[in-house]
Amino acid sequence: MEVQKDLRYTMEHEWVRVNGTKAVIGITDFAQGQLGDVVFVEMPKVGAEITQEQTFGVVESVKTVSDLYAPLSGKVIAVNTELETQPEIVNAEPFGKGWIIEIELSDAKEIEKLLTPEQYIEQCEKEQ
Amino acid sequence: MSQESSTTLKTTPLIELHKELGAKLVPFAGWHMPIQYTGVIQEHLCVRNGVGIFDVSHMGEIDIQGKDAKPFLQKLVTNDIEKMSDCSILYTVMCYENGGVVDDLLVHRFSEEHFFLCVNASNTDKDFNWIQKLAGPFDVAVKNISSLTAQLAIQGKDAEQLLQKSSDVSLGDLGYYHFKKGKIHNNDCIISRTGYTGEDGFEIYVEWNKAESLCRKILEDGKPFKLQPIGLAARDTLRLEMGYALYGNDITAETSPLEAGLSWVVQLQKKDFVGKVPLQKQKEAGLKRKLAGIKLLERGVPRPHYQVFSGDKPVGELTSGTFSPSLNIGIGLCYVSPEHSKVGTQLSIEIRNQKVPAEIARPPFVPSRVKK
């Protein structure tokens, strides 16, 4: 299982890469492994507002449906349209080409609530 | 899954092998079973394109022996036992007095006085009790041999070539829905040409404590064929592409076999069987609902219990649904009224409050390649 050092995480297995006032969001390697083959990703529209800890979309694998929880609040400025036809990229490259949305942050202080990589590793170990 | 629940689950004789092979193990029908090894889509395509091996030792086996074995089974099940010859297999259901389904099962005939049944894992105890209760007036001995009998399914176009390497009986002349007693790697087996995938293949019954070494040898033999172990997740997507009914989803105590499209296994001309009268009446009165295949016309994954709509009107409910790895679309089975069950009927499936366009289709969704 891979956990990238430069990201922050949620208890629900999303990652976030903050870059100034913007942030890219995806699901972790642990999450994609637990889900199995991802066959559908439901994403918000560009312009939609998302709220920290609230659902903003859905990932479906062959076996299960899993909600996506927003790590941070903000306005969606990009969605990964490649996932509409190739959702399996989430399995292959969860931290890279398998990103899900990008947002413009509305409150940078929210970052403090997120898990550090070390805390996230601990969380995964508990769940395994 | 908590530690507590895993300790109460039953395990098949292959549990250690599954762990070695990297299986993800989950609770299923009271068993600790491999749901996947490498990934459901890859495993599914392995069976469709080559050959895969499944541990289905959780399935139940019930032995029926005695002078009245044939008349007893004729009373117990809906299909016609009379047409069976030795070493043939019959797919059937058995019903309650009210016509609801107790289980679907395979009947194997050794002789007029000796049969064995293969039943669903989740129903084994219920079935055994039901069969014993009905057996009262008949001269038969009913034995639950599930804990002595392991089962491996080898499915896919290369199954015959692979298995022939270690089998002492000729498999080329073993017809669909027939079995032979034979040896595989010197283990006494019942080898039947049956399966739950829509591919050619075999189901092998072997003594419980011989199953692990046998499976290891078959995996070794299978290397040139790229044989892989296949989990329950792919077993479900494979069966659903064929439109095969699954007990607990598509057929239950609350559904009749006629509604489930299984009228071909309900031989109403038989003199008597449990559930005949209500089924006869249901047939005469006409069915109020039918199990139909349905496919999504846009991307998405249909799931059991999702509602089916015609325009704004709810017309039924999915009992099975999945993403089809062969077709890359969502497929399912649903109960709808007969007028909505015709092939090509335009409907929709409600997925998270959105109606996604769907169309009634006649299963199999993927052409069957079983040996005919």
Side-chain angles (χ1 to χ4, degrees), chain A residues 1-2 12-13 27-45 48 50-51 54-70 76 79-94 97-98 100-101 123-128, chain B residues 1-3 6 22-28 33-47 230-241 249 296 298-306 318 320-332 349-354 356:
Chain A
M1 178 193 74
E2 187 186 354
E12 288 82 22
H13 306 287
I27 67 166
T28 65
D29 188 33
F30 179 87
Q32 71 78 21
Q34 292 287 312
L35 282 168
D37 292 329
V38 172
V39 294
F40 185 68
V41 185
E42 194 175 279
M43 295 172 284
K45 290 198 166 64
I50 66 170
T51 310
Q54 302 289 306
T55 62
F56 71 89
V58 167
V59 179
E60 294 208 39
S61 65
V62 176
K63 275 318 255 187
T64 56
V65 186
S66 185
D67 283 324
L68 292 166
Y69 290 88
V76 178
V79 300
N80 187 355
T81 50
E82 269 197 77
L83 301 183
E84 287 165 9
T85 50
Q86 292 170 274
E88 63 275 12
I89 305 174
V90 173
N91 293 112
E93 295 184 55
K97 284 187 183 164
I100 295 171
I101 57 169
Q123 173 68 22
C124 292
E125 280 165 358
K126 268 186 228 159
E127 287 184 37
Q128 238 160 6
Chain B
M1 186 185 62
S2 71
Q3 289 300 310
S6 67
K24 186 169 167 185
L25 295 157
V26 299
F28 175 83
M33 294 298 290
I35 188 147
Q36 68 166 52
Y37 301 82
T38 56
V40 50
I41 293 177
Q42 198 273 336
E43 289 168 32
H44 179 109
L45 298 175
C46 168
V47 175
I230 312 296
L232 290 182
R235 184 170 160 84
D236 190 55
T237 54
L238 287 159
R239 72 95 191 166
L240 195 45
E241 283 185 347
N249 284 39
L296 269 192
E298 291 176 8
R299 237 184 137 86
V301 188
R303 310 266 179 197
H305 307 302
Y306 283 5
L318 272 103
S320 285
T322 193
F323 176 82
S324 158
S326 302
L327 302 171
N328 268 301
I329 58 166
I331 57 168
I349 298 173
E350 191 174 60
I351 304 178
R352 294 184 288 279
N353 298 320
Q354 297 221 342
V356 182

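Reminder, nothing fancy here: chain letters follow the sequence lines and each chain counts from 1.
Of all heavy-atom pairs spanning A:F40 and B:R352, the tightest one is CE2-NH2, 3.6 Å. Residues B:Q36 and A:G36 come closest through the heavy atom pair OE1-CA, 4.4 Å.
Looking only at distances, a side-chain donor or acceptor of B:R299 sits under 3.5 Å from a matching main-chain atom of A:V39.
Expressed to the nearest 0.5 Å, how far CD1 of B:I41 lies from CD of A:E88 amounts to 7.5 Å.
Looking at B:D236, the atoms closer than 4.5 Å to chain A (heavy atoms on both sides) all sit in the side chain, from C-beta outward. Looking at A:E84, the atoms closer than 4.5 Å to chain B (heavy atoms on both sides) all sit in the backbone: N, CA, C or O. Contact of A:V65 with chain B is made through backbone and side chain together, with heavy-atom distances under 4.5 Å.
Summarising the local packing, CD of B:Q354 is surrounded by 12 or fewer heavy atoms from other residues, nucleotides or ligands at distances under 6.0 Å.
When side chains are defined from C-beta on, A:E60 counts as touching B:R303, because their heavy atoms get closer than 4.5 Å.
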